[in-house]
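What follows is one structure encoded as structure tokens, with my remarks underneath.
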Number of protein chains: 2
Amino acid sequence: MDNSCCPLPDSASDLRPIEGAEADEELASLAKALSHPARVQIVRLLARRVSCVCGEIVDQLPLAQSTVSQHLKVLKDCGLIRGEIDGPRICYCLEPRTLRRLRALIGGL
Amino acid sequence: MDNSCCPLPDSASDLRPIEGAEADEELASLAKALSHPARVQIVRLLARRVSCVCGEIVDQLPLAQSTVSQHLKVLKDCGLIRGEIDGPRICYCLEPRTLRRLRALIGGL
DNA sequence: GCTCCTTATCGCCATTTAACGATAGGACTG
DNA sequence: CAGTCCTATCGTTAAATGGCGATAAGGAGC
């Protein structure tokens, strides 16, 4: 397994507010991305670095390849994961900053 | 404003695991409850104790009373809030244990 | 260039969600 | 007990979601 595409977490702090209308929208958007068990499982896989490549994620889930690809798109669109082209494959990895942001927003409740 | 219906947070720890298939379902379910800005705003209102009574919540949101009532039902069904009858009104309040559980699940990612 | 492998996108269908007005029901007040 | 206030539920509609197979697109390697 090659994790070269997955960056180590950085520790820059996020200065955006954790409450207000914009924060509500942001939290709702991130929560929606995690509102499906398959997407939670994908995030967990990537957090554990068990898998990075799309094909392996498909193998771990009881879903069709096209369905998994859609879930990956949802997670990517909200910034929770990132995909980088790695030869013929695509290597997905967590975006630690977004996950930290989510924790901050939840913590602010 | 009367907050007598809203209990103070207790600190009992939750022994359920924070990963695995069941935890995935649980996290997805809680995330879905927060996947709408109006519901995030309701949780925030209750966290700030700005309002406890359904009618006041309706006043704070640009939505019809029936719509707000449905959002409250979603939050209640997943255990994030609780409603108690207070004379002719209904007093809603956060369920701190569920919120802590959500934080634990998010933290476990 | 052709072919294979990998992933994204398209089209379709069934189900769920969100919104509202209207209505029902429960609890005080007079 | 009649009226009033507050909240939940019903019925409807439009839009979003989740699933799949089929197909397109883009590199790798022969």
Side-chain angles (χ1 to χ4, degrees), chain A residues 1-2 4-6 21 24-25 27-43 45-46 51-93, chain B residues 1-2 4-6 21 24-25 27-43 45-46 51-93:
Chain A
M1 179 168 45
D2 179 12
S4 61
C5 61
C6 305
D24 287 352
E25 296 273 355
L27 175 49
S29 164
L30 291 173
K32 177 178 278 188
L34 290 181
S35 71
H36 194 289
R39 291 197 288 266
V40 172
Q41 205 174 338
I42 290 172
V43 169
L45 282 173
L46 297 180
S51 171
C52 217
V53 174
C54 174
E56 300 177 7
I57 299 172
V58 172
D59 292 340
Q60 306 257 351
L61 298 180
L63 294 171
Q65 178 268 325
S66 58
T67 305
V68 173
S69 192
Q70 294 222 91
H71 284 310
L72 287 168
K73 178 174 168 46
V74 172
L75 290 170
K76 194 168 60 176
D77 285 348
C78 80
L80 268 172
I81 69 174
R82 192 175 43 175
E84 290 195 4
I85 297 172
D86 175 27
R89 308 152 192 273
I90 296 192
C91 172
Y92 283 99
C93 50
Chain B
M1 181 168 45
D2 180 11
S4 60
C5 60
C6 305
D24 288 353
E25 296 274 355
L27 175 49
S29 164
L30 290 173
K32 176 176 279 189
L34 290 181
S35 69
H36 193 290
R39 290 196 289 266
V40 173
Q41 205 174 338
I42 290 172
V43 169
L45 282 173
L46 296 181
S51 171
C52 216
V53 174
C54 174
E56 299 177 9
I57 299 172
V58 172
D59 291 341
Q60 306 258 349
L61 298 180
L63 294 171
Q65 178 267 326
S66 58
T67 305
V68 172
S69 192
Q70 295 221 92
H71 284 308
L72 287 168
K73 177 174 168 49
V74 171
L75 291 170
K76 196 168 58 177
D77 284 349
C78 80
L80 269 172
I81 68 174
R82 193 177 41 176
E84 291 194 3
I85 297 173
D86 176 27
R89 309 151 193 273
I90 296 192
C91 172
Y92 283 100
C93 49

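Every heavy atom of this structure was used, including side-chain atoms; hydrogens, water molecules and symmetry mates were not. To find a chain, count down the sequence lines: A is the first, B the second, and so on, and within it residues start at 1.
K76(B) is linked by a salt bridge (charged side-chain N to carboxylate O under 4.0 Å, His left out) to nothing, counting only residues two or more places apart in sequence or in another chain.
Against DNA chain D, the stretch residues 28-43 of chain A makes heavy-atom approaches under 4.0 Å through K32(A), H36(A), R39(A).
Using a 4.0 Å heavy-atom criterion, one finds that I85(A) contacts no nucleic acid atom at all.
Checked options L75(A), L80(A), I57(A); the residue passing with L46(A) is I57(A) (criterion: side-chain contact (heavy atoms from CB on, under 4.5 Å)).
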So which protein N/O to nucleotides 8-10 of chain D N/O distances come out below 3.5 Å?
| from | atom 1 | to | atom 2 | distance (Å) |
| --- | --- | --- | --- | --- |
| dA8(D) | OP1 | Y92(B) | OH | 2.1 |
| dA8(D) | OP2 | S69(B) | OG | 2.7 |
| dA8(D) | N7 | Q65(B) | NE2 | 3.0 |
| dA8(D) | N6 | Q65(B) | OE1 | 3.1 |

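To the nearest angstrom, P of dA8(C) lies 13 Å from CD of E84(A). Look at CG on L75(A): it is 12 Å from P on dA8(C), rounded to the nearest Å. Regarding D86(A), its CG atom lies at a distance of 13 Å from the P atom of dA8(C), rounded to whole Å. If you measure from atom CG of L61(B) to atom C1' of dA19(C), you get 14 Å, rounded to the nearest angstrom. Atom CG in D59(B) sits roughly 14 Å away from atom C1' in dC5(D) (whole-Å rounding). When rounded to the nearest whole Å, the span between CG of L63(A) and C1' of dA8(C) equals 16 Å.
No side-chain heavy atom of C93(B) sits less than 4.5 Å from a side-chain heavy atom of I81(B). Side-chain contact check for K32(A) versus S29(A): every heavy-atom pair is 4.5 Å or farther apart.
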